[in-house]
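What follows is one structure encoded as structure tokens, with my remarks underneath.
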Amino acid sequence: MDAAAAQRALQAAQQALQRGQLAEAKAFLAPVRKAMPREKAVLYLASRLARAESDARGAAKLLEKALRLSPREAPLWAEYASTLDDAGRPDEAVKAYDRALQLEPRLVDAAVDRAVLQAQKLDRAAALEELRQIARDNPAHLRGWRNLAMLERDALEAERAIAASEHVLATAPGDPTALRIRALAQFDTGEPSAAHFARASAADPGNAVLAIKHAAALHAERRSAEGDRLLGDVIAAQPFQLDALRTRAQLRWEAATGEDPMEGFEQAVARPGCPPQVWAEYARLAERHSGAQAALAIVDRARTALGDTREVAFMAAQAACEAEDFAEREHDLAAVASWQDPRADMLRARWLARMHRWDELAKLGKRLLRAGYARDVLPYLSLAWRGSDPDRWHWLERDGELVGTADIESRIRDVDALAEHLRRIHTSQRQPLEQSLRGGTQTDGMLFARTAPEIAELKAAVVDAVSEYLAALPPRDAAHPWLSLPREVRRFTGAWSVRLQDAGFHVAHFHNLGDISSACYLALPDTLGAGEAGEDGWLALGEPPREFGLDWAPLRLIEPAKGRLALFPSWTWHGTRPFSAGERLTVAFDAALR
């Protein structure tokens, strides 16, 4: 192949790649690669094709060959760094970005990508400040400012995210990304945001995810009927849009609109070609809404529609775990036991706990623990060891030493004002469809991203209290799945307020999105501590769920007090005793240590 023919083939391959015609690009490129296997341009284009085919490892190897031919080409190092990131090699990617910027410090895109990578994949706090400086030094580099807005929002810096978005919009008023982040950050602040979502949706009319968040914003502004209609429009255009179906079910339930929360799912599964994911979510939500029998009925219908598929087997096992006749449904769990799938294994763990088969549960739990699923399996492993190996249970739970309390009332200027602010942002009529509370409401979104001064003051008090709690824990234990973790909060993974009223309570549950969980009491009922045992409204830690049929005492009971903050490992089973009348207003959060 002569040089002119090779050049024409390369151009044709590049054009096909730009059109997304990968097979055609590969056909044009193949003879060139054979004729010129060590040509840098050929290796580069072959690497781009490999990335387009989701082969980041192969693309990285091709770029390594190209870099041996041209080791001082900064853009090639930047491309290599981006490819290493895609290949799941973030530390090496940072080093490659460093090399690119050493060769050419003016590669602003590479500097931006390096900062984003370090913030998102390596959790390096300094990366956000680096990106702030890059943006300040390059005010016309809108891509840098867009990424800054995104990272500011990830860091719960909603006002900074808004400012960065507005910087982009001052130059590009219709920028879809900036408008989207601007709307999301406005929602985070707790201020009205529906108008911002309307503007963002106008710039990106086909974005269903944006429309779904717009509906949530309308619901937060007590315009639930409008949100419902908007979700209906999304579903009409995309009948199997799972997030839209789920959000409408939750909105109708929480707003108590009087309309069937499950209507969208029922209409979806009646359509030809309904995918298994919709059937599965319908069954899962139906169990929360109407009980296990409703879920089992949907599983039977799914089996008729889909056949005896893997997805239907998983749905059946999930419903069997919650069924009243769970003990008679071992066949459903056996069907998924051999999959070596962590999701299926967690279902089996729950079923084994309900069956009190502690030795089997301990064996399964240890395997999942070794595989890296500590947050999911430790609640069940604790039960297994309590039932079969008390010494291991005491070692894990430390007889309640991992639970702490702090009185933060003195760190908040006016707890009553904070409580009143929280009452104003409880806009729902009922508890969330999927959460642990019964007889109350829960705020939506990340509470600690809100910009109200009352919330900022609470967050500062919480940060100090958590630091003191971590410092007072038992010594580090490298063999312990929780005491081996760092003693510093990396991020808050969730924060919300719960308002329970008149016999409200939490069923026993755990959290798997953090390492530390909490309950901070801001208003309490006069009936607190009433009842035969004097424990009405108290927090019970380490007490198994009622449906597990165990009469085990809680590990610790915490008496709520105004301004008291309870802290404990997120995998600890925790729930509350019901109280007869009044209001129990709390804030809770999850924090990650890893």
Close side-chain approach of [X] and [Y], heavy atoms under 4.5 Å:
X: L347; Y: F314; value: yes
X: E311; Y: W279; value: no
X: W496; Y: V587; value: no
X: Q21; Y: L17; value: no
X: D55; Y: R57; value: yes
X: L368; Y: M346; value: yes
X: R132; Y: R136; value: yes
X: R450; Y: D188; value: no

[X] side chain to [Y] main-chain N or O, any donor-acceptor pair under 3.5 Å?
X: E104; Y: P75; result: no
X: T572; Y: P569; result: yes
X: N138; Y: A140; result: no
X: E157; Y: R160; result: no
X: Y469; Y: L402; result: yes
X: T247; Y: I212; result: no
X: D228; Y: S224; result: no
X: S201; Y: F197; result: yes
X: H167; Y: P139; result: yes

### Contacts of type side-chain contact (heavy atoms from CB on, under 4.5 Å), residue P453, not counting sequence neighbours
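In terms of side-chain contact (heavy atoms from CB on, under 4.5 Å), with neighbours along the sequence ignored, P453 is linked to no residue.
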
### Message
Run the side-chain contact (heavy atoms from CB on, under 4.5 Å) test against S570 and tell me which residues pass, sequence neighbours left out.
### Response
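Residues passing side-chain contact (heavy atoms from CB on, under 4.5 Å) with S570: H511, S517, D590.
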
Which pair of heavy atoms, one from [X] and one from [Y], lies closest together, and at what distance?
X: L10; Y: A41; result: CD1-CB, 4.5 Å
X: A465; Y: R411; result: N-NH1, 3.5 Å
X: I162; Y: A185; result: CG1-CB, 3.7 Å
X: L103; Y: P71; result: CD1-O, 4.0 Å
X: A161; Y: R153; result: CB-N, 3.7 Å
X: L522; Y: A419; result: O-CB, 4.1 Å

### Derivation of the side chain to side chain contact (heavy atoms under 4.5 Å, CB included) call for K213 and V209
CA-CA 6 Å; K213 198 65 180 179; V209 174; 5.9 Å; no

Could you state the interatomic distance from [atom1] ([X]) to [atom2] ([Y]), rounded to the nearest 0.5 Å?
X: F510; Y: L378; atom1: CZ; atom2: CG; result: 9.5 Å
X: Q238; Y: D233; atom1: CD; atom2: CG; result: 11.5 Å
X: T83; Y: R89; atom1: OG1; atom2: CZ; result: 10.0 Å
X: L84; Y: E64; atom1: CG; atom2: CD; result: 7.0 Å
X: D376; Y: N512; atom1: CG; atom2: CG; result: 4.5 Å
X: L447; Y: L458; atom1: CG; atom2: CG; result: 7.0 Å

Under 6.0 Å from the [atom1] atom of [X], do we count more than 12 heavy atoms belonging to anything else shown?
X: R476; atom1: CZ; result: yes
X: R424; atom1: CZ; result: yes
X: E159; atom1: CD; result: no
X: F240; atom1: CZ; result: yes

#### Entry: Steps toward side chain to side chain contact (heavy atoms under 4.5 Å, CB included) verdict (L418, I412)
CA-CA 9 Å; L418 170 59; I412 299 172; 4.1 Å; yes

### Task
Any chance you could lay out the side chain to side chain contact (heavy atoms under 4.5 Å, CB included) test for I425 and D444, step after step, and finish with the verdict?
CA-CA 9 Å; I425 64 176; D444 190 20; over 6 Å; no

### Message
With salt bridge (charged side-chain N to carboxylate O under 4.0 Å, His left out) as the rule and sequence neighbours excluded, what pairs involving residues 74-86 come up?
### Response
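Sorted result for residues 74-86: R51-E79, R51-D86, D85-K121.
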
### Query
So which pairs with a foot in residues 454-467 pass salt bridge (charged side-chain N to carboxylate O under 4.0 Å, His left out), sequence neighbours left out?
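As it turns out, the salt bridge (charged side-chain N to carboxylate O under 4.0 Å, His left out) pairs with a partner in residues 454-467, which skip direct neighbours, are R413-E457.
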
### Task
Give me the ring orientation class for H289 and W253: parallel if the planes are under 30° apart, tilted from 30 to 60°, perpendicular past 60°.
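Correct class here is perpendicular.
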
### Query
Is there a side chain to side chain contact (heavy atoms under 4.5 Å, CB included) between K26 and L49 once you walk through the steps?
CA-CA 7 Å; K26 198 167 190 175; L49 176 59; 3.9 Å; yes

Can you give the donor-acceptor pairs under 3.5 Å from side chains of residues 175-184 to other protein atoms, not counting sequence neighbours?
| from | atom 1 | to | atom 2 | distance (Å) |
| --- | --- | --- | --- | --- |
| D175 | OD1 | R146 | NE | 3.3 |
| D175 | OD1 | T177 | N | 3.1 |
| D175 | OD1 | A178 | N | 2.8 |
| D175 | OD2 | R146 | NE | 2.8 |
| D175 | OD2 | R146 | NH2 | 2.7 |
| R182 | NE | E166 | OE2 | 2.8 |
| R182 | NH1 | Q186 | OE1 | 2.8 |

#### Entry: Partner of E226 by side-chain hydrogen bond (donor to acceptor under 3.5 Å, both in side chains), out of R222, R223, R229
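Of all the options given, the one that passes is R223.
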
#### Entry: Centroid separation H509 to H574 less than 6.0 Å
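Close enough - the centres of the two rings lie under 6.0 Å apart.
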
### Message
Pairing donors with acceptors under 3.5 angstrom, does anything connect the side chains of H426 and S497?
### Response
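Side chains of H426 and S497: pair found under 3.5 Å.
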
Compile the donor-acceptor pairs under 3.5 Å between side chains in residues 108-117 and protein atoms, sequence neighbours left out, one pair per line.
| from | atom 1 | to | atom 2 | distance (Å) |
| --- | --- | --- | --- | --- |
| D109 | OD1 | H141 | NE2 | 3.1 |
| D109 | OD1 | R143 | NH1 | 2.9 |
| D113 | OD1 | R143 | NH1 | 3.3 |
| D113 | OD1 | R143 | NH2 | 2.4 |
| D113 | OD2 | R143 | NH2 | 3.4 |
| R114 | NE | D98 | OD1 | 2.5 |
| R114 | NH1 | E130 | OE1 | 3.0 |
| R114 | NH2 | D98 | OD1 | 3.2 |

### Query
Does the distance from a Lys or Arg side-chain N to an Asp or Glu carboxylate O, for E254 and R430, drop under 4.0 Å?
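Here E254 does not pair with R430 in a salt bridge, since their nearest N and O are not under 4.0 Å apart.
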
### Query
Any salt bridge between R284 and E281, counting N to O under 4.0 Å?
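So R284 pairs with E281 through a salt bridge.
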
### Task
Give a yes/no verdict on a cation-pi contact between R375 and W571, requiring under 6.0 Å between NZ or CZ and the six-membered ring centre and an angle within 45° of the axis.
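Cation-pi check for R375 and W571: fails.
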
